[in-house]
Amino acid sequence: QVQLVESGGGLVQAGGSLRLSCAASRRTFSHSVGGWFRQAPGKEREFVAAITWTGSTAYYADSVKGRFAISKDNAKKTVYLQMNSLKPEDTAVYYCAASTSLGLPTTLASYNYWGQGTQVTVSS
C-alpha cells in the first residue's frame, strides 16, 4: 500500500498562486506515475495533470495548461503542483494519485492510490 498525503491548499485571490505537495509513504512511489485530479462541488472528479515516474514528461488538462506545473522529487517521494494565475473556476478539492500504468493516464480508473484531498478556494 502507498499512502499519499496532500498539503498546501487554502484560500487565494484570483490571479494568485498556490503550491500543492503530495508526500508518499513508500519508496515504490518513485516508480509510479504521479497525478493530480480535482473535484468541484456538484461536479465529477477531473484530471488536472500527470508526470512520468522519471519526472521527464508531463501532461496537462487544457483548462490548466500554461498556468499549472507538475513536478516530482523521487528522493523526497513527493509530487508538486504549482498553480499560477488562479481563477475562481479552479476552486475544488485537489487530489493526488499514483498509478502503475504505462504512459500518462488521465482516467480515474488508471490510478491505484489516492490521497484524502486538499481544498483550494479562489475568490474573485
Side-chain angles (χ1 to χ4, degrees):
Q1 277 285 45
V2 176
Q3 290 184 321
L4 305 175
V5 179
E6 302 99 333
S7 60
L11 174 65
V12 64
Q13 288 189 332
S17 299
L18 281 175
R19 189 194 196 201
L20 304 183
S21 298
C22 172
S25 61
R26 294 189 61 180
R27 199 173 301 277
T28 50
F29 179 70
S30 301
H31 298 283
S32 301
V33 170
W36 287 96
F37 289 74
R38 67 185 181 186
Q39 187 167 17
K43 294 188 176 181
E44 295 185 350
R45 193 171 300 188
E46 65 176 7
F47 170 79
V48 175
I51 190 166
T52 55
W53 72 271
T54 61
S56 61
T57 305
Y59 182 74
Y60 299 91
D62 288 342
S63 58
V64 306
K65 201 172 295 182
R67 300 188 298 121
F68 290 12
I70 188 171
S71 60
K72 198 168 186 263
D73 187 334
N74 286 331
K76 295 183 178 180
K77 299 178 289 182
T78 301
V79 174
Y80 304 96
L81 185 67
Q82 178 66 44
M83 305 185 294
N84 300 324
S85 302
L86 283 161
K87 305 174 181 180
E89 50 264 44
D90 293 319
T91 295
V93 176
Y94 282 72
Y95 296 90
C96 172
S99 172
T100 55
S101 299
L102 297 176
L104 288 169
T106 62
T107 62
L108 276 70
S110 298
Y111 286 81
N112 312 88
Y113 305 102
W114 292 85
Q116 82 288 350
T118 185
Q119 177 70 47
V120 171
T121 303
V122 184
S123 63
S124 57

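No experiment lies behind these values; they were computed from the predicted model shown. Side chains included, hydrogens not; waters and symmetry mates left out as well; all remaining heavy atoms used.
- In this structure, Gln3 contributes its side chain and Ser25 its backbone to no donor-acceptor pair below 3.5 Å.
- Listed for the Ser56 side chain is no donor-acceptor partner under 3.5 Å among the backbone atoms of Thr54.
- At a threshold of 4.5 Å between side-chain heavy atoms, the hydrophobic network of Ile, Leu, Val, Met, Phe, Trp and Tyr places Val48 and Ile51 in one connected group.
- With hydrogens and angles disregarded, a donor-acceptor distance shorter than 3.5 Å links the side chain of Thr91 to the backbone of Val122.
- Contact detail for Leu18 and Leu86: the closest heavy-atom pair is N-CD1, 3.9 Å.
- A salt bridge is absent between Asp90 and Lys87: the closest approach of a Lys/Arg side-chain nitrogen to an acidic carboxylate oxygen does not fall below 4.0 angstrom.
- Asn84 approaches Ser17 most closely through the heavy-atom pair OD1-OG, 2.9 Å.
- One N or O on the side chain of Thr52 and one on the backbone of Thr57 form a donor-acceptor pair closer than 3.5 Å.
- No side-chain heavy atom of Met83 sits less than 4.5 Å from a side-chain heavy atom of Arg67.
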Starting from the C-alpha separation in whole Å, work towards a yes-or-no answer on side-chain contact (heavy atoms from CB on, under 4.5 Å) for Ser63 and Arg38.
-> CA-CA 12 Å; Ser63 58; Arg38 67 185 181 186; 3.5 Å; yes

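- Contact check for Pro105 versus Val33: side-chain heavy atoms found under the 4.5 Å cut-off.
- Criterion: ILVMFWY side-chain heavy atoms under 4.5 Å apart, direct or through other members. Under it, Tyr113 and Leu108 are not part of a common hydrophobic cluster.
- Placement of Leu104 and Val64 in two distinct hydrophobic clusters is found when ILVMFWY residues are connected by side-chain heavy-atom separations under 4.5 Å, directly or transitively.
- Judged as a ring-ring contact (aromatic ring centres under 6.0 Å, His included), the pairs with a partner in residues 52-93 (not counting sequence neighbours) are, in order, His31-Trp53, Phe47-Tyr59.
- Atom NZ of residue Lys72 and atom NZ of residue Lys77 lie 12.0 Å apart, to the nearest 0.5 angstrom.
- Taking every heavy atom of both residues into account, Gln116 and Leu4 meet most closely at OE1-O, 3.6 Å.
- Nearest heavy-atom pair, Ser110 versus Ser99, reported as atom, atom and distance to 0.1 Å: O-OG, 2.6 Å.
- Atom OG in Ser123 sits 5.0 Å away from atom CD in Gln13 (nearest 0.5 Å).
- Residues Tyr111 and Ala50 come closest through the heavy atom pair OH-CB, 3.5 Å.
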Passes side-chain contact (heavy atoms from CB on, under 4.5 Å), Cys96 versus Trp114? Steps please.
-> CA-CA 6 Å; Cys96 172; Trp114 292 85; over 6 Å; no

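- Among all heavy-atom pairs drawn from Gly9 and Leu20, the shortest one is N-CD2, 3.6 Å.
- Taking 4.5 Å as the limit, some side-chain heavy atom of Arg45 sits within range of a side-chain heavy atom of Tyr95.
- The side-chain heavy atoms of Leu81 and Val79, taken from C-beta on, include no pair separated by under 4.5 Å.
- Atom NZ of Lys43 is surrounded by 12 or fewer heavy atoms from other residues, nucleotides or ligands within 6.0 Å.
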